[in-house]
Amino acid sequence: MATDQSKPNPVLAGFVPNKALGQNFLSSESIIEAILEQAQIEGKRVLEIGPGTGALTQGLVSRACFLAAVEKDGRLCELLRERFGESLTLVHADVLDADIPALMGSEPWHAVGNLPYYATTPIVLRLLSLLPDSMTLMVQKEATERFFAGAKDRVYGPVAVISGCCYAAKVVVNAPRGCFTPPPEVDSVVVRLLRNERSVSDGMAFLSFLKQAFSMRRKTLYNNLNKNTRVLSTLTALGCNADARAEALTPEQLLAIFESLV
Ligand code: SAM
């Protein structure tokens, strides 16, 4: 695990971070190195989410064969264009709206980012629905529960289901709050997700299905899915109760039900 060796980020001189955009910039060289090492993106196609002042971008651009980044803050986009020029394909947009499939094309690609805390779950869900080959994501410590939750856990939901059936996930780096400028209120970790062989016919449709399946946690899956009778027959075929709730089903069972509906 990397240790905290924070030092001021020179690119930040005179820049006022926008708190509303979760701008806690990485300023620890050892953590930056640890993330780059864990990401294993040498010669790969990479999407960086929220490059900020370029703390990770610098190392990514020298390792990846193609680097795209989506940044919401126009001030940072100007700075990044000056710093990286044509070696970075930069999109000034909200990553939740950006056309990532068009940006990354049909070749395998990898996601890397120190995610803004205010939008961690929607960004993670967006990425999971696009099924990149790997994801190396810095998130606040509390957010990791969502990746590792099992059926019936309080935070079990779409994040745990997609990561559970499509990825092997583990925490690879711990980053105390002092590794950031300005420091956030809680500590962070890096979660690495590596895609497995499990095929999913349509990741975005799978995410829509899961959002609907978990929309009313107290309701049965059958009721949440508009009383579709195919849900009942698949539940029976899987040996599950007809009145099962989504929160009681494993990621594999939920994927099997989704695939039976498409
Ligand atoms: N990668 C940089 C680093 O590690 O120092 C910055 C990380 S900072 C935690 C999050 C970055 O995401 C900021 O640059 C912020 O402007 C950007 N950001 C916030 N919300 C975003 C969104 N919805 N879409 C794209 N970028 C966003």
Side-chain angles (χ1 to χ4, degrees), residues 2 4-13 15-39 41 46-64 67-84 88-100 103-104 110-130 135-144 172-191:
D4 178 16
Q5 294 174 6
S6 304
K7 62 176 188 183
N9 181 340
V11 188
L12 275 177
F15 181 87
V16 180
N18 182 342
K19 252 189 159 186
L21 287 181
Q23 290 180 350
N24 303 103
F25 300 105
L26 268 168
S27 49
S28 162
E29 286 301 329
S30 61
I31 294 288
I32 292 168
E33 271 311 307
I35 296 171
L36 293 169
E37 189 184 319
Q38 291 294 337
I41 44 77
V46 176
L47 171 70
E48 184 183 4
I49 299 95
T53 59
L56 289 169
T57 319
Q58 181 70 54
L60 293 173
V61 90
S62 62
R63 288 168 171 81
L67 179 64
V70 182
E71 172 56 60
K72 192 170 176 177
D73 188 331
R75 300 172 304 161
L76 292 171
C77 287
E78 266 180 44
L79 189 153
L80 290 160
R81 279 198 190 97
E82 254 175 54
R83 188 167 174 197
F84 297 105
L88 173 67
T89 301
L90 181 64
V91 179
H92 176 199
D94 185 323
V95 72
L96 297 175
D97 305 326
D99 189 351
I100 295 173
L103 184 62
M104 298 313 291
H110 302 256
V112 178
N114 170 16
L115 301 186
Y117 70 92
Y118 79 94
T120 300
T121 301
I123 294 175
V124 164
L125 282 173
R126 174 102 213 268
L127 292 173
L128 283 167
S129 76
L130 299 170
M135 293 186 251
T136 308
L137 305 175
M138 165 95 57
V139 299
Q140 296 210 339
K141 222 167 193 172
E142 288 74 5
T144 52
V172 291
V173 178
N174 285 311
R177 59 200 82 180
C179 300
F180 304 86
T181 306
E185 273 155 32
V186 294
D187 298 330
S188 298
V189 297
V190 175
V191 182

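Note that this is a predicted model, so its numbers are computed, not measured. Just the heavy atoms: all of them, side chains too, but no hydrogens, waters or symmetry mates, feed the values below. Each ligand, and each atom within it, is numbered from 1 in the order the structure gives.
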A.B. asks: Under the 3.5 angstrom rule, does the side chain of Thr144 hit a backbone N or O of Gln140 as a donor-acceptor pair?
C.D. replies: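 A pair under 3.5 Å: no.
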A.B. asks: Would you please determine whether Glu48 falls within less than 4.0 Å of ligand 1 on a heavy-atom basis?
C.D. replies: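 Contact check Glu48 vs ligand 1: positive.
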A.B. asks: Of the listed options (Val91, Asp94, Leu60, Asn18), which comes nearest to atom 23 (N) of ligand 1 when hydrogens are ignored and any heavy atom counts?
C.D. replies: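 Minimum heavy-atom distance to atom 23 (N) of ligand 1 goes to Asp94.
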A.B. asks: Please compare Gly52, Gly22, Ala69, Cys179 and report which has the shortest non-hydrogen distance to atom 8 (S) of ligand 1.
C.D. replies: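 Comparing heavy atoms across Gly52, Gly22, Ala69, Cys179, the nearest one to atom 8 (S) of ligand 1 lies in Gly22.
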A.B. asks: Pairs of nitrogen or oxygen atoms closer than 3.5 Å, one from Ile123 and one from ligand 1: do any exist?
C.D. replies: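 It does not: no N or O of Ile123 is found under 3.5 Å from an N or O of ligand 1.
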A.B. asks: If we set the cut-off at 4.0 Å for heavy atoms, which region of Pro51 has an atom near ligand 1: side chain, backbone, both, or neither?
C.D. replies: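 It is the backbone that touches ligand 1; the side chain stays farther off.
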A.B. asks: Checking Arg177 side chain against Pro184 main chain: does a donor-acceptor pair fall under 3.5 Å?
C.D. replies: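 Not confirmed, Arg177 side chain does not pair with Pro184 backbone.
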A.B. asks: If you measure from each heavy atom of Leu96 to ligand 1, is any distance below 4.0 Å?
C.D. replies: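 No heavy atom of Leu96 comes that close to ligand 1.
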A.B. asks: Heavy atoms only: give me the nearest Ser27-Thr181 pair and the separation to one decimal.
C.D. replies: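 Heavy-atom minimum between the residues: OG-OG1, 2.9 Å.
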A.B. asks: Is the closest N or O pair between Leu76 and ligand 1 shorter than 3.5 Å?
C.D. replies: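 For ligand 1, there is no N or O atom that lies under 3.5 Å from one belonging to Leu76.
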A.B. asks: Is Glu71 close to ligand 1, meaning an N/O of one under 3.5 Å from an N/O of the other?
C.D. replies: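 Yes; the residue has a nitrogen or oxygen that sits under 3.5 Å from a nitrogen or oxygen of the ligand.
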A.B. asks: Quick check for you: to the nearest 0.5 Å, what is the distance between Ser62 atom OG and Leu36 atom CG?
C.D. replies: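 It comes to 7.5 Å.
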A.B. asks: Please round to the nearest 0.5 Å and tell me the distance separating atom OG1 of Thr89 and atom CG of Leu67.
C.D. replies: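 Here the rounded value is 7.5 Å.
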A.B. asks: Check contact between Ala93 and ligand 1, using heavy atoms of the residue and a distance below 4.0 angstrom.
C.D. replies: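 The answer is yes: ligand 1 sits under 4.0 Å from a heavy atom of Ala93.
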A.B. asks: For ligand 1, is Ala119 a contact, meaning one of its heavy atoms is under 4.0 Å away?
C.D. replies: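 Heavy atoms of Ala119 never come under 4.0 Å of ligand 1.
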A.B. asks: Supply the atom-to-atom distance Glu48 CD to Asn114 CG, rounded to the nearest 0.5 angstrom.
C.D. replies: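 It is 8.5 Å, given to the nearest 0.5 Å.
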A.B. asks: Which atoms from ligand 1 have a heavy atom of Val70 less than 4.0 Å away?
C.D. replies: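 Numbered from 1, ligand 1 contributes 25 (C), 26 (N).
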A.B. asks: What pair of heavy atoms forms the shortest contact from Leu90 to Glu71, and how long is it?
C.D. replies: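 Looks like CD1-CB, 4.3 Å.
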A.B. asks: Can a non-hydrogen atom of Tyr118 be found less than 4.0 Å from any atom of ligand 1?
C.D. replies: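 The answer is yes, since Tyr118 has a heavy atom less than 4.0 Å from ligand 1.
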A.B. asks: Quick one: closest heavy-atom pair of Pro182 and Asn24, and the distance?
C.D. replies: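 Minimum heavy-atom separation between Pro182 and Asn24: O-ND2, 2.9 Å.
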A.B. asks: What are the two closest heavy atoms between Ala64 and Val46, and how far apart are they?
C.D. replies: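 Here Ala64 and Val46 meet closest at CB-CG2, 3.7 Å.
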A.B. asks: Any idea which of Gly50, Gly113, Ala175, Pro116 brings a heavy atom closest to atom 1 (N) of ligand 1?
C.D. replies: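 The nearest heavy atom belongs to Gly50.
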A.B. asks: Against heavy atoms of Lys72, which atoms of ligand 1 measure under 4.0 Å?
C.D. replies: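 The atoms of ligand 1 under 4.0 Å from a heavy atom of Lys72 are 21 (C), 22 (C), 23 (N), 24 (N), 25 (C), 26 (N), 27 (C).
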A.B. asks: If I take atom CZ from residue Phe180 and atom CD from residue Gln23, how far apart are they, to the nearest 0.5 angstrom?
C.D. replies: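 If I round to the nearest 0.5 Å, the distance is 14.0 Å.
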A.B. asks: Are any of the N/O atoms on Gln23, whether in the backbone or the side chain, positioned under 3.5 angstrom from an N/O atom of ligand 1?
C.D. replies: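 For ligand 1, there is an N or O atom that lies under 3.5 Å from one belonging to Gln23.
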A.B. asks: Answer yes or no: does an N/O atom from Val95 fall short of 3.5 Å to an N/O atom of ligand 1?
C.D. replies: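 Yes.
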A.B. asks: Suppose I only count heavy atoms of Asn114 and a 4.0 Å limit; which atoms of ligand 1 are within that range?
C.D. replies: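 Selected atoms, number and element: 3 (C), 4 (O), 7 (C), 8 (S), 9 (C), 10 (C).
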A.B. asks: Are the side chain of Arg83 and the backbone of Thr53 linked by a donor-acceptor contact shorter than 3.5 Å?
C.D. replies: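 Yes, Arg83 side chain to Thr53 backbone: donor-acceptor pair under 3.5 Å.
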A.B. asks: Relative to the heavy atoms of Ala55, which atoms of ligand 1 are at a distance of less than 4.0 Å?
C.D. replies: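 Listed by number with element, the hits are 5 (O).
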A.B. asks: Report, in ascending order of atom number, the atoms of ligand 1 lying under 4.0 Å from any heavy atom of Leu26.
C.D. replies: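 Selected atoms, number and element: 3 (C), 4 (O), 5 (O).
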A.B. asks: Return the CG to CG distance between Leu56 and Leu26, rounded to the nearest 0.5 Å.
C.D. replies: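 The distance works out to 5.5 Å.
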